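Below is one structure, written out as structure tokens; the observations come after it.
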Amino acid sequence: MLDKFEKGPEIIMSGAESTPMQAEQELENIKIERIAPEGLGFGHGSISVQDRLDSGDLDQATLDVVEGIAHSDSAMVVVDADDDGCPDGRKAAAMIMGRDRHTAPSHKHRPKVFGGGATMATAALIGNGAVDPSTETISEAFEYGIHRLENVGLNFGGHSAVKTADGKSGCGAIDEAPNIIKNIVRYREEIKGVIETLIDPEADKAELDGIMETAIDNFAAVSETESSQEPTEGQQLSEYKGGSILSKFHHREKKIAELEGEHKEVAIVMNIDVAGMTFDQDRVREETNDEAQVFAVDVPRMKDIADGMFEYDHDKKQALVSMLMYSLGTAATLTKGDLPVDVVYQGQDRYITL
């Protein structure tokens, strides 16, 4: 799998057109590199570039347009929202806040992490061993994660979908949480390999190995307990439902983007270190006439969450790695692992620093 991660051509962005003053520094010398032209190489979900090519639903010309956008000098846009959202590439039909629903002809650009910040906070807590699998369910872990974000003043958002099945939220990173956690364990070695490829090679390898092993063991403990859980006498075991998780967002009047249409993602773009910016998913949909979408992931948002939630350096590192694992587990659950992966970075190289 690791040989799929290649040193690709670098595109350097400089002087992108009219942006707010505060983003000028971030726009200088931004580089974009395709590190996995054939995808992550693992996954068993339904989103697949090759399947769409084989069926005739997608052509190479559309893929070339998407790659051209991703590697252009205007691929990134300034974040102008005070919360976060999900990397899902579909279009927002409406924005919901509490009981208010507004059509969304345009929307603000949010930093994006799978399932939104609340899901990443939950992954960080599980990976850090802050969730007791003997007494706390995944649903309770979400509640704990939400409270932690509220306590440290980190706002968060999420999304639903126009068409959702009963009990579902419409967000795969939330609806499939139990399966995602199982798949972190299932693809243990593959996920560790990708993270080793993404993390700065100057990082302490023994420390990174220990962090990864501990996080996966903690995910495994939660998964095993959730799978084998039985109700005690007089108690009915509640089944995990993503819709119940999203209701926690609604009750707190968080902004929920209601997405429409089918998944048509053909690439994953990972923003490594460009703070205050995110990939322009709108442009991909517009320039391909809604024939293609892109998953866009912002690592700086994960770091904001880790820094806000945890005091000690080791716990912050454990949280970041846990969020990366959940992100890769989500990709493995939703896709077949054949979506090309691009990284965007501003530093001297493309690595994530712990």
Side-chain angles (χ1 to χ4, degrees), residues 1-8 32-45 47-50 70 87 112-115 119-120 123-124 126-127 172-173 176 179-220 265-273 279 294-303 306 317-345 347 349-354:
M1 181 274 303
L2 284 179
D3 59 0
K4 292 179 178 291
F5 287 79
E6 304 173 359
K7 179 69 175 177
I32 303 172
E33 182 180 331
R34 176 151 288 187
I35 62 169
E38 298 177 11
L40 293 170
F42 60 93
H44 57 274
I47 301 173
S48 168
V49 170
Q50 192 58 53
K112 295 175 278 282
V113 287
F114 277 110
T119 305
M120 289 292 98
I126 293 174
E176 298 296 327
N179 289 326
I180 289 167
I181 293 172
K182 287 180 184 177
N183 287 331
I184 292 171
V185 182
R186 173 180 180 176
Y187 294 110
R188 180 185 198 116
E189 296 306 318
E190 291 89 343
I191 286 174
K192 285 167 56 181
V194 174
I195 290 176
E196 287 173 350
T197 303
L198 292 172
I199 297 295
D200 187 346
E202 298 298 320
D204 186 314
K205 188 177 186 306
E207 181 186 33
L208 177 59
D209 288 345
I211 287 172
M212 290 193 294
E213 290 295 336
T214 299
I216 293 177
D217 287 346
N218 287 331
F219 280 117
E265 288 88 355
V266 298
I268 300 171
V269 177
M270 180 174 283
N271 170 14
I272 298 295
D273 64 359
F279 182 76
V294 166
F295 285 117
V297 182
D298 293 303
V299 177
R301 184 58 175 175
M302 296 184 197
K303 289 192 171 185
K317 293 177 181 180
Q318 189 92 32
L320 177 59
V321 168
S322 300
M323 287 185 270
L324 290 170
M325 285 183 168
Y326 194 94
S327 300
L328 291 167
T330 303
T333 304
L334 302 183
T335 82
K336 284 192 174 178
D338 62 1
L339 277 64
V341 180
D342 294 309
V343 292
V344 182
Y345 61 102
D349 49 46
R350 63 167 177 80
Y351 299 112
I352 299 170
T353 57
L354 282 180

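These numbers come from a predicted model, not from an experiment.
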Would you name the heavy atoms of [X] and [Y] that are closest together and state the gap between them?
{"X": "Met325", "Y": "Ile184", "value": "O-CG1, 3.7 Å"}
{"X": "Arg34", "Y": "Ala267", "value": "NH2-CB, 4.5 Å"}
{"X": "Ala306", "Y": "Ala319", "value": "CB-CB, 3.9 Å"}
{"X": "Ala215", "Y": "Ser322", "value": "CB-OG, 3.7 Å"}

So how far is it from [X] [atom1] to [Y] [atom2], rounded to the nearest 0.5 Å?
{"X": "Tyr351", "Y": "Ile199", "atom1": "OH", "atom2": "CD1", "result": "11.0 Å"}
{"X": "Met120", "Y": "Leu320", "atom1": "CE", "atom2": "CG", "result": "10.5 Å"}
{"X": "Ile195", "Y": "Ile216", "atom1": "CD1", "atom2": "CD1", "result": "7.0 Å"}
{"X": "Ile35", "Y": "Arg350", "atom1": "CD1", "atom2": "CZ", "result": "5.0 Å"}
{"X": "Thr119", "Y": "Ile180", "atom1": "OG1", "atom2": "CD1", "result": "8.0 Å"}
{"X": "Asn179", "Y": "Thr330", "atom1": "CG", "atom2": "OG1", "result": "11.0 Å"}

Can you find a pair of side-chain heavy atoms, one from [X] and one from [Y], that are under 4.5 Å apart?
{"X": "Met212", "Y": "Arg188", "result": "no"}
{"X": "Thr353", "Y": "Asp273", "result": "no"}
{"X": "Ile32", "Y": "Val269", "result": "no"}
{"X": "Leu324", "Y": "Ile352", "result": "yes"}
{"X": "Glu265", "Y": "Leu339", "result": "yes"}

**OP:** Check the side chains of Ser48 and Asp338 for a donor-acceptor pair under 3.5 angstrom, ignoring hydrogens and angles.
**Re:** yes
Subject >> With sequence neighbours excluded, residues passing side-chain hydrogen bond (donor to acceptor under 3.5 Å, both in side chains) with Asn183 >> reply: Thr333
Subject >> Test side chain to side chain contact (heavy atoms under 4.5 Å, CB included) applied to Ile191 and Arg186, step by step >> reply: CA-CA 9 Å; Ile191 286 174; Arg186 173 180 180 176; over 6 Å; no
Original post:
Does anything in residues 317-334 pair up under salt bridge (Lys or Arg N to Asp or Glu O under 4.0 Å), and if so which pairs, sequence neighbours excluded?
Top reply: Glu207-Lys317, Asp313-Lys317
Subject >> Any donor-acceptor pair under 3.5 Å from Asp204 side chain to Ala206 backbone >> reply: yes
Original post:
Between Tyr326 (side chain) and Ala173 (backbone), is there a donor-acceptor pair under 3.5 Å?
Top reply: yes
Original post:
Checking side chain to side chain contact (heavy atoms under 4.5 Å, CB included) for the pair Met270/Ser327: CA distance, chi angles, key distance, verdict?
Top reply: CA-CA 11 Å; Met270 180 174 283; Ser327 300; 5.8 Å; no
Original post:
Residues in ring pair (Phe, Tyr, Trp, His ring centres under 6.0 Å) with Tyr187, at least two apart?
Top reply: Phe42, His44
Original post:
side chain to side chain contact (heavy atoms under 4.5 Å, CB included) with Pro340: which of Leu40, Val49, Ile268?
Top reply: Val49
**OP:** Run the numbers on Phe279 and Asn271 for side chain to side chain contact (heavy atoms under 4.5 Å, CB included), then give the verdict.
**Re:** CA-CA 8 Å; Phe279 182 76; Asn271 170 14; over 6 Å; no
Original post:
Please walk me through it: do Val113 and Met323 pass side chain to side chain contact (heavy atoms under 4.5 Å, CB included)?
Top reply: CA-CA 9 Å; Val113 287; Met323 287 185 270; over 6 Å; no
